[in-house]
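Bear in mind that the values here come from a model prediction, so they are computed numbers and not experimental data. Just follow the structure's listing: the first ligand is 1, and inside any ligand the first atom is 1.
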Amino acid sequence: MDNKKFTRHIDLSRVKITDNFWRDKIELVCREVIPYQYLALSDKIEGAEKSYCIENFKKAIAVNKKIKAGQKVEKFPVDKWHYDESNSDINAFHGWVFQDSDVYKWIEAAGFHLTIKYDEKLKAQADEYIELICEAQLENGYLDTLYIINDRDKVFTNLKDYHELYCFGHLAEAGVSFFNATGERKLLDAACRFADLICSTFNEENIHGYPGHEICEMALVKLYDVTGEEKYLKTAEFFINERGKKPYYFDIERNTETDGKEYIYNQAHIEPRKQDEAVGHAVRGVYLYSGMADISKRLKDDELYLACKKIWRNIADKKMYITGGIGSTVHGEAFTYDYDLPNDLAYCETCASIGLIFFAQRMAEIEQKAEYFSVVERALYNTVLSGMAKDGKSFFYVNALEVFPKASKFDERKKHIKPVRQKWFSCACCPPNLARLISSLGSYIYYENDEEIYVNLLISSKVKTDKADVEIQYNSSSGDVKIYVKAKKAFTLKVRNGEHGYTSYYINNEDTINLNIRQKPKLIKCSENVRENMGKVAVMKGNMVYCLEQADNGFDLHRLLISSNPEFEERDDYILANGFREKESEKGLYFEYKVPEYERIKLRFIPYYKWGNRGENEMTVYIRVKNE
Ligand code: FUB
Ligand code: ZN
């Protein structure tokens, strides 16, 4: 690992996005998603499933007050993943074991918005929730409402299934975001107090455990970066070092002995340094790999970095959908085996693609290979954007590549694939994750080190750094790019050139770089190892994947074929291509084969992320190709 190549992202506060497409998306999140979620967290949306999130903090505050007053506090069972009025006491914790994380993600996104543009109302709303969170925190720093409300004696006794360390991770990320936005330390200090408790609980002398759902590794690194507190980095490394060691900690806490196979789900079957394949629950996986990359960079740990590189290759070469989606199965929301990428059974959780973006961003900080930000683009412009409706009012959790509404209704294997976006989810991990990612996009456009500024994403924007002021003007229809640079000292500007690399420009004064990167639609073939896609192609323009929707192309998308010579015609927001509809051969289910007949048609492709905005209908990304 060559630390001279290391780069770091440029703070959100120094970047201004001027691009209309992204400015609209960021404003949409601020206008629709953030206010909606603010109300959802407090169960103020009529007809919506209850979140219980803020209610839990209020219950935890009451418990905390009783403890401080020396009064007796009730106990309730901690034995489920989800609690509601039907299965638990009215005074007990309600919601998912990770319910607290929803408000933390909301505050993190609010922090990003406050950084971009100060908004008094949003600040007051965030302050209101921060006040409640801090009041719920126990004297010793502990902060997880499930255990505070239900049973203080059981904290950290089920690291495998429950989510105390996961919720801590989101708390820390919220604390950092809000501190960066406002300079106010209240939430950051609460996160540090919980982090201090975690550091003194998990170490060589005490508990040798690690989280069942990763994230706290990268969150501890964020806390370390902001506070300079070494023990946070050490504890993050400790979690990596302990994970997968024998005897398995998850065996010890459950008083059992296993061969570790079931811990594949948690990436805890072997030590992370020995892992070379992405396995298990996809979100957990990419959060772990992101933390591993963070730690390997800070500690210049070559062995850990090598594991990250191997896992990256496995994902990018064998386990990633063309849309940047990951997780091929609903069972365990998980990765499966190499080249298993079924279109109509895909899970592709929005959160998993967000985690893949985190992993890619961190790998790019270590070594600026163009493929990392190419994957960021792939995930961002397809699966992540598809996670939200065009009005910002409904969301996909699962992002399949082929959807047939009837199958979603009647086929048990496809029940997870919704043909229309949902208003909200009882397990609402994806919308707030999407909100925080889109809101913080500005901070990933540029990276820098002492001698260089990297342009990772061609998004019209301005940045001010110690080396230079840089402005990108990118017209996506013409492909024209102008980069204005005003150097304060000589440096090298590196501009990502698709997947191929970064082109260097030595700048020592004022300069304008003119480029044209006009992307043309292309037919993209998938490796023959992917059984699903033999004889099929997808349409892409740059990293944007296109799809066919019933609303434009009629019923029975499986009957359509695209010409191998499609003569693409580009319109503002769709692409026309020459294609065919296979005619019905004969009535009946089975009959002797004869060469099919085709009707010539024009196919109309729209960007994948736009599908599902016109009611319930069929959609497919891959289409059979007919040679001509
Ligand atoms: O367990 C917390 C979150 O809930 C996961 O990251 C998502 O996959 C969902 O299962
Ligand atoms: Zn999710």
Side-chain angles (χ1 to χ4, degrees), residues 33 37 40 49 51-53 56 80-83 93 95-106 108-109 144-146 158-171 173 210-219 263-268 278-291 323-336 346-359 379-380 383-388 394-400 415-418 421-438:
V33 185
Q37 201 196 349
E49 224 173 304
S51 153
Y52 305 108
C53 185
N56 287 331
K80 284 178 276 289
W81 276 58
H82 187 260
Y83 304 77
F93 171 93
W96 295 90
V97 288
F98 46 85
Q99 206 66 35
D100 292 1
S101 63
D102 281 2
V103 65
Y104 299 148
K105 282 191 240 175
W106 181 85
E108 190 184 359
D144 184 290
T145 65
L146 167 62
N158 187 348
L159 298 182
K160 175 178 164 290
D161 298 322
Y162 297 161
H163 283 53
E164 295 152 286
L165 294 169
Y166 170 85
C167 289
F168 156 74
H170 279 298
L171 165 67
E173 299 201 326
Y210 37 85
H213 191 317
E214 304 88 332
I215 194 181
C216 83
E217 300 81 353
M218 59 173 153
Y263 307 140
I264 290 177
Y265 172 79
N266 313 82
Q267 300 79 30
V279 294
H281 183 270
V283 181
R284 293 171 200 238
V286 279
Y287 281 11
L288 169 67
Y289 313 142
S290 303
T323 51
I326 49 171
S328 304
T329 178
V330 59
H331 299 291
E333 310 181 299
F335 289 108
T336 56
Y347 200 69
C348 294
E349 182 177 340
T350 307
C351 286
S353 285
I354 292 169
L356 178 62
I357 289 176
F358 295 157
F359 184 29
L380 187 63
T383 301
V384 173
L385 276 185
S386 133
M388 178 171 71
S394 57
F395 304 89
F396 277 141
Y397 186 125
V398 166
N399 298 277
K415 285 259 155 84
H416 60 289
I417 296 169
K418 304 292 175 222
R421 291 177 183 79
Q422 291 171 261
K423 279 215 83 55
W424 206 246
F425 309 85
S426 86
C427 171
C429 53
C430 298
N433 222 352
L434 195 146
R436 71 183 181 132
L437 181 90
I438 291 184

The Zn ion (ligand 2) is nearest to which N, O or S atom of E349?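 So the atom name we want here is OE2.
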Degrees at the Zn ion (ligand 2) between the SG atom of C429 and the SG atom of C430, nearest 10°: 120°
Side-chain (T383) to main-chain (A379) donor-acceptor, under 3.5 angstrom: no
Where the side chain of Q99 meets the backbone of S51, is there a donor-acceptor pair that is under 3.5 Å apart?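 Present.
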Considering non-hydrogen atoms only, spot the tightest contact between E173 and I215 and give its length. OE1-CD1, 3.9 Å
Sub-4.5 Å side-chain heavy-atom contact between C427 and F98: yes
Is ligand 1 less than 4.0 angstrom away from at least one heavy atom of C351? no
Applying ring pair (Phe, Tyr, Trp, His ring centres under 6.0 Å), can you list everything that pairs with H170, at least two apart in sequence or on another chain? Y166
Pick one: which of E333, Q422, H416, R421 meets side chain to side chain donor-acceptor pair (under 3.5 Å) with Y397?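 For Y397, the side chain to side chain donor-acceptor pair (under 3.5 Å) check succeeds only for E333.
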Do you see an N/O/S atom of C427, backbone or side chain, under 2.8 Å from the Zn ion (ligand 2)?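 Of the N, O and S atoms in C427, none lies under 2.8 Å from the Zn ion (ligand 2), which means no.
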Closest non-hydrogen protein atom to [atom], residue and atom name please, with distance?
atom                    : answer
atom 4 (O) of ligand 1  : F98 CZ, 3.4 Å
atom 6 (O) of ligand 1  : H213 NE2, 2.7 Å
atom 10 (O) of ligand 1 : E333 OE1, 2.7 Å
atom 8 (O) of ligand 1  : E349 OE1, 2.8 Å

One finds that the ligand 1 atoms under 4.0 Å from a non-hydrogen atom of C429 are 4 (O), 7 (C), 9 (C)
I want to know if ligand 1 touches H163 in the polar sense, i.e. an N/O pair below 3.5 angstrom. yes
Is there a side-chain contact (heavy atoms from CB on, under 4.5 Å) between K105 and C429? Walk through the geometry before answering. CA-CA 9 Å; K105 282 191 240 175; C429 53; 3.6 Å; yes
Parallel, tilted or perpendicular: which fits the ring planes of H213 and Y287, with parallel below 30° and perpendicular above 60°?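 Answer is tilted, since the angle falls between 30° and 60°.
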Region of Y397 that comes within reach of ligand 1 [heavy atoms, distance under 4.0 Å]: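 Only the side chain of Y397 comes within reach of ligand 1.
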